[in-house]
Novice: 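Handing you a structure now.
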Protein chains: 2
Amino acid sequence: MEKKLPTIKEIARRLNISASTVSRALHDHPSIGLRTKMAVKKLAAELNYEPNQTAIFFKQRKTFTIGLVLPNLREEFFSAAINGIEDVALDHNYIVLIGQSHDDLAREQKLIESMKNHRVDGIIASISSSTTHIEHFEQMKNYDIPVVFFDRVPDAKDIHSVSCNLYDSSVEAVEWLIKKGHKRIGYLQGPPTLNMKNERLDGYMEAHKKHKLAVDESLIVSTDLTVDGTKKALDALLQLKKRPTAILSFNDYVTLDAIHYARQKKLTINKDICFVSYANVPVTQYVEYPPLASVEQFPYDQGVSATELLFRLIEKKTAGQEAPYENIVLKSELIIR
Amino acid sequence: MEKKLPTIKEIARRLNISASTVSRALHDHPSIGLRTKMAVKKLAAELNYEPNQTAIFFKQRKTFTIGLVLPNLREEFFSAAINGIEDVALDHNYIVLIGQSHDDLAREQKLIESMKNHRVDGIIASISSSTTHIEHFEQMKNYDIPVVFFDRVPDAKDIHSVSCNLYDSSVEAVEWLIKKGHKRIGYLQGPPTLNMKNERLDGYMEAHKKHKLAVDESLIVSTDLTVDGTKKALDALLQLKKRPTAILSFNDYVTLDAIHYARQKKLTINKDICFVSYANVPVTQYVEYPPLASVEQFPYDQGVSATELLFRLIEKKTAGQEAPYENIVLKSELIIR
DNA sequence: AAAATGTGGGCAATCGTTTGCGGAAAATAC
DNA sequence: GTATTTTCCGCAAACGATTGCCCACATTTT
């Protein structure tokens, strides 16, 4: 049942002209007479001719495909980012190859490899939490495949990136807590690989400094983003002689887990302890005890911005131009419930 | 800065042999002597040769890419399904092109068109809520691109599909409510396009019949899945003289919206009214008032099953065989909290 | 009438890889 | 020493579309 799709050759054969004439006719090339042009277009329409994209991809060395590698799709942050990415891609008549690393470096590498083989025109990535090096991304330079990082951006130079300014809003968040009377504020941070450029922590420090509060190192703990990791980290905070009364937490998902656990421990949320977080994912609207405030990171806008940057890079590449490294920083916003 | 990647021709030139020999050597073709084979492989390794996939795609008429079209990625149901799809695809050395229809028919059509142009080897789809016909999917037959529907399956014959048996668990869910003493049970259903094969309603009816309860048609309302649509539908139920004491609801997201709204209306959840739902998405763990029970639809398994089916179809296609239409039905399970 | 210009379209190469067929050299059989 | 079989490899076509170059004919210019 191998249906044969019509090709340029087929049209040429039927019309007794050459394939090149057909190609040019379909592209409205000026050197083709009106009569033949019409004849070609008519037959093409009749046969329902459509160019074989794989042939074109091959010839043009472009696939009109971008690769997207991110930790997971479960988090609403990432699925919102995809919306932005997909919208821009579709506008450019591009389509998106997707892969989830599930925070596993090996899988991330495999995905990058696979996307390279598929000759994507560019890659957008948010690195996994176990990504300790970015060789696999840097390799893409050898293949002339531009890479744009977003949100989870590795701490390296000579990369393109789009991210949110979390420093300012971290200062703001902690100041807000201080003004509400909190003096011992814990910081529940993410895994070390995601903290290389630790704007959250820097903001946390700065706010303490501004208000002449000493920082107690024991108030700073880490989670590997798993439920268990978060429990352990929270335990460490709760076992302190002087417990924190508020916690700044890596993101809303960690916070939900932390709150869940704190309640199991018979703590009263917003009385014994309260939380401020990052991401401001919509799902927190439905929960019983959401974080008191959360830093909106505009995932859709980040996605749009990253994709637009990528397309600029692709254009420059096509034109054979060199592009300077761009690191775009969007603003974030503390949303108080 | 156009780096030239090494090709088979390049290797052939350097070794003073023909390109065909290089190709065969790299594929361990038996008719190539050990000596030349080693030499080729050695040089290939040195040059860091990697086959140009676009050329292979073109030649083999395969792209090792599957297209995935679904309503959105926001719902954890779909993002979980993707995990299954991606895992199976990766095992087969395939990669996934993704597109969200956002429940818009035109966009769904555009995505299908785009995927066809990219010559995907097959398509997995969950239709949008505004999909009133499936011509765009049926067209794929002309291009020998198999299509497998999952979860949201159109009510048509001559299609491949994977879905959950919601009938049995709907009966079970409603019976469970009846046994808890509920006599007036509302049914908040989805938009008509998604109800063509209405297993939920059939189950609802059957349970009533089994327990000799009359069905009041006014207890059956529809939402278009938007927050507003859900509010209106719920209003219709709450305005009845004899309100329902329990509601069977299309899915967890609708349910969360409904519960949210019911609370605004000063109803006490699980006392004035309670909810049973579908999907059993993990996020309900965190919410204040989750549905009392929810039908687990095993999105990961559906994804796996759909992808495996698709690969069987792709194999048959490659072998030139005809494949019978398969409609796989997985079981679902009522999860009581 | 010869030359310059313009018009319409074909030839052949190209992209990188695969594959059917054929053929020379080497090994074996008689 | 000739005939037959193996072993090993090259030739060339093919996939479908694009494009630089050339050419034949018609039209206009001197």
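In what follows, every chain begins at residue 1, and chains take the letters A, B, ... in the order their sequences are listed. Every heavy atom of this structure was used, including side-chain atoms; hydrogens, water molecules and symmetry mates were not.
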Novice: Grab the CD-P distance between B:Glu10 and C:dC15 for me, whole Å please.
Specialist: 12 Å
Novice: Checking B:Glu113 against B:His136 for the side-chain hydrogen bond (donor to acceptor under 3.5 Å, both in side chains) test, could you report, in this order, the C-alpha distance in whole Å, the side-chain angles of both residues, the deciding distance, and whether it holds?
Specialist: CA-CA 8 Å; B:Glu113 176 77 13; B:His136 45 304; over 6 Å; no
Novice: Between B:Phe150 and B:Phe77, what is the ring plane arrangement, given parallel below 30°, perpendicular above 60°, and tilted in between?
Specialist: parallel
Novice: Looking at every strand, decide which applies to A:Thr54 at a 4.0 Å heavy-atom threshold: base, sugar-phosphate, or nothing.
Specialist: nothing
Novice: In terms of ring plane angle, is the pair A:Phe64 and A:Phe57 parallel, tilted or perpendicular, where the classes change at 30° and 60°?
Specialist: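 If you compare the ring of A:Phe64 with that of A:Phe57, the planes turn out tilted.
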Novice: To the nearest angstrom, how far is B:Ile11 atom CD1 from C:dT18 atom P?
Specialist: 11 Å
Novice: Show me the protein contacts with nucleotides 15-19 of chain D, counting only N or O atoms at under 3.5 Å.
Specialist:
from   : atom 1 : to      : atom 2 : distance (Å)
D:dC15 : OP2    : A:Lys9  : NZ     : 3.3
D:dC15 : O3'    : B:Arg61 : NH1    : 3.2
D:dC15 : O3'    : B:Arg61 : NH2    : 2.5
D:dG16 : OP1    : B:Arg61 : NH2    : 2.3
D:dA17 : OP1    : A:Tyr49 : OH     : 2.5
D:dA17 : OP1    : A:Asn52 : N      : 3.2
D:dA17 : OP2    : A:Ile8  : N      : 2.5
D:dT18 : OP1    : A:His27 : NE2    : 3.2
D:dT18 : OP2    : A:Ser23 : OG     : 3.1
D:dT18 : O2     : A:Lys59 : NZ     : 3.3

Novice: How long is the line joining CG of A:Asn117 and P of C:dT17, in whole Å?
Specialist: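 Taking atom P of C:dT17 as the reference, CG of A:Asn117 is at 12 Å.
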Novice: Between C1' on D:dC11 and CD1 on B:Ile17, what's the gap in Å once rounded to a whole number?
Specialist: 14 Å
Novice: Output the rounded distance in Å from CD1 (A:Ile32) to P (C:dG8).
Specialist: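 Taking atom P of C:dG8 as the reference, CD1 of A:Ile32 is at 9 Å.
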Novice: Check whether any side-chain N or O of A:His29 sits under 3.5 Å from a backbone N or O of A:Ser31 as a donor-acceptor pair, and report yes or no.
Specialist: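 Indeed, once roles are kept as given, a pair shorter than 3.5 Å links the two residues.
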Novice: Without decimals, in angstroms, what is the distance between A:Arg35 CZ and C:dT7 P?
Specialist: 16 Å
Novice: Report the distance from atom CD of B:Gln53 to atom C1' of C:dT17, rounded to the nearest whole Å.
Specialist: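 Atom-to-atom, B:Gln53 to C:dT17, this comes out as 11 Å.
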Novice: Is there a donor-acceptor pair closer than 3.5 Å between any side-chain N or O of A:His160 and the backbone N or O of A:Glu326?
Specialist: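 A pair under 3.5 Å: yes.
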Novice: I'd like to check A:Val162 versus A:Ser305 (side-chain heavy atoms, cut-off strictly below 4.5 Å). Are they in contact?
Specialist: yes
